[in-house]
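Here is the structure we will look at.
In what follows, every chain begins at residue 1, and chains take the letters A, B, ... in the order their sequences are listed.
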2 protein chains.
Amino acid sequence: MSAPIALHPVPIDKLRVACSTCGLRELCLPIGLSDEELGKLDHLVTLRRSFRKGTNVYRAGEPFDALYAVRFGFFKTTVTAADGRDQVTGFSMAGELLGMDGIGTDKHTCDAVALEDSEVCVIPYGRLEEMSRELHSLQHHFHKVMSREIVRDHGVMMLLGSMRAEERLAAFLVNLSQRFTARGYSPSEFYLRMTREEIGSYLGLKLETVSRVFSKFQGEGLISVQQKHVRIIDIPRLRELIGQRPC
Amino acid sequence: MSAPIALHPVPIDKLRVACSTCGLRELCLPIGLSDEELGKLDHLVTLRRSFRKGTNVYRAGEPFDALYAVRFGFFKTTVTAADGRDQVTGFSMAGELLGMDGIGTDKHTCDAVALEDSEVCVIPYGRLEEMSRELHSLQHHFHKVMSREIVRDHGVMMLLGSMRAEERLAAFLVNLSQRFTARGYSPSEFYLRMTREEIGSYLGLKLETVSRVFSKFQGEGLISVQQKHVRIIDIPRLRELIGQRPC
DNA sequence: AGGTCACGTTGACATGGATCAAGCGCGGGA
DNA sequence: TCCCGCGCTTGATCCATGTCAACGTGACCT
């Protein structure tokens, strides 16, 4: 069992190939397009691909020719150093875009791996550039998506560069909670798709430390954890931990 | 004295307002444009701005409306957490682009500060979008620049998430060396424009640690340091430290 | 020329998180 | 239903880096 606990979930069964009828259009690339523009986008995105848990969407070094919009499921992206160590650089869920690392060199520079059975829409990159010359709001929105990725990365640098283990994990949980909320799932109860080791890699910690901090948070009544099932009990205090007003 | 030690430097005194005659055109936004296209770009970039050491190009929260191409000088970018801690996210030198963090939200999300007297070309963002609809290679190159920024950020995550202090500083020095080389300066001898504290913030280390590792490298004959003046003696061994073949 | 101050170095000590090691629990397969 | 193995938890110990403190040094101001 790895589906999230749905409160008012996006109706996945009603998704169709076309962006114009996709339940994710408010989260994904089509944000802000008019109906007419959306119709044009349907010609851009025609192919879907499924990935079983553990399989790669792409690998570092492979030629780049498309971006991938996550339709459902969960992915991690990892970079590998010259000496073989790897580092998780992010986790992607429905409506998020994979593959932007490849534009700069025409080769992918990281691996994208499905953490559960998942599906993506394939966005041929050349067509995206063509079409964004025509549709100004597509162009602008695509730029925004890339820019937000840069801003997200800055947040991770802050996390890795100047936060302590507890703050990192709190930030991670708060971030997941927000993203699940935006997708119509519970803000306080969800299944982690990644292992402790993957969380640790992302947060610059060892898996034992991740496990210990989970236990500590549980002991303090902030969350309850049982393997991959997490329930957040006290979001305001988690937010305080990372220096945000409870809000 | 803070100018780099020039071997065959880009002739700064010959730079003009126009991209078409700018000595940085092989490093900056115009890469790959034809002469005719370059001429059009001259209408995009018409304004230059100077910044004294310590002044801001922009601050987090300010409205975003332009990108800035570094003409000469040196900048740092920093993000500030809710609780006031800040984190250096990068250092920028001639030919590099500042401000892409602002596209996503129409507000800047970090501060950009001159580390020495510097100058930038102002690229009004709306005009850049317009013009990149017309000039395909400008569009593509701009996408590449953003993508490379994402890839660079992944490298920093790797550094912060899974390297030890010595590896981080070695990677930092090798990276600076490469960038100076690309600009026609000595690969092995340069002045650091940033303090130990800024290096430390960027690398997720305290300034004392940075200082100690510099001293250690010096003791091992890898480099010689005297305040901000660094001479790299053994690049191959520095590369080995970060797991790269000496190359 | 001398004073001042920001920046850098170095030492002694503290500690958060890593490492090493043992055992547990749950899901999947036969 | 039982077994197996991966992933998780927890404890004991270690060590890289942080912290605190003192001092050095070069640049700039007057």
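Aromatic rings of A:Tyr202 and A:Phe91 (six-membered ring for Trp) have centroids within the 6.0 Å cut-off, being under it.
Rounding to whole angstrom units, CZ of residue B:Phe214 and P of C:dT9 are separated by 8 Å. For the pair B:Gln218 CD and C:dT10 C1', the interatomic distance rounds to 13 Å; values are reported in whole Å. The distance from atom CG of A:Leu203 to atom C1' of C:dG16 is 16 Å, rounded to the nearest whole Å. In this structure, B:Leu115 places its CG atom 18 Å from P of C:dA6, rounding to the nearest Å. Rounded to an integer number of Å, the gap from B:Arg196 CZ to D:dG18 P is 16 Å. Distance, B:Glu197 CD to C:dA6 P: 13 Å, rounded to whole Å. Per the geometry, CG belonging to A:Leu205 stands 15 Å off C1' belonging to D:dA16, to the nearest Å. One atom, NE2 of A:His229, and another, P of C:dC26, lie 14 Å apart when rounded to the nearest Å.
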- [ ] Begin with the C-alpha distance, continue with both residues' side-chain angles, and end with the deciding distance and a verdict on salt bridge (Lys or Arg N to Asp or Glu O under 4.0 Å) for B:Arg85 and A:Glu167.
- [x] CA-CA 13 Å; B:Arg85 274 179 292 195; A:Glu167 298 173 309; 3.0 Å; yes

TODO: Using the side-chain contact (heavy atoms from CB on, under 4.5 Å) rule, take B:Leu173 and B:Ile232 through it: C-alpha gap first, then chi angles, then the decisive distance, then the call.
DONE: CA-CA 8 Å; B:Leu173 289 172; B:Ile232 301 185; 4.3 Å; yes

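Heavy atoms of B:Thr195 sit under 4.0 angstrom from primed sugar atoms or phosphate atoms, though from no base atom. Contact annotation for A:Gly200: no contact, since no heavy-atom pair falls under 4.0 Å across all strands. Nucleic acid contact for B:Leu207: base, since at least one base atom lies under 4.0 Å from a heavy atom of the residue.
Near DNA chain D, meaning a heavy atom under 4.0 Å away, the residues from residues 159-168 of chain B are B:Arg164, B:Ala165.
To the nearest 0.5 Å, atoms CD1 (B:Ile235) and CZ (B:Arg237) are separated by 13.0 Å. Once rounded to the nearest 0.5 Å, the distance linking CE of A:Met93 with CD of A:Glu116 reads 9.5 Å. Atoms CZ and OG, from A:Arg239 and A:Ser177 in turn, are 7.0 Å apart once rounded to the nearest 0.5 Å.
Under 3.5 Å, the side chains of A:His229 and A:Glu189 contain a donor-acceptor pair of N or O atoms. For the 3.5 Å distance criterion, the side chains of B:Asp101 and B:Tyr58 qualify, holding a donor opposite an acceptor.
The phosphate of C:dT19 (OP1 or OP2) has a side-chain N or O of A:Lys206 nearer than 4.0 angstrom. Look at A:Ser211 and you won't find any side-chain N or O under 4.0 angstrom from OP1 or OP2 of D:dT10. Residue B:Thr209 places at least one side-chain N or O under 4.0 Å from the OP1 or OP2 atom of D:dG18.
More than 12 heavy atoms of other residues, nucleotides or ligands lie within 6.0 Å of CD in B:Glu119, so this atom counts as buried by the packing criterion.
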Open item on the list: How would you summarise protein contacts on nucleotides 20-27 of chain D per nucleotide, using B for base, S for sugar-phosphate only and - for none, with heavy-atom distances below 4.0 Å?
Closed with: B-------

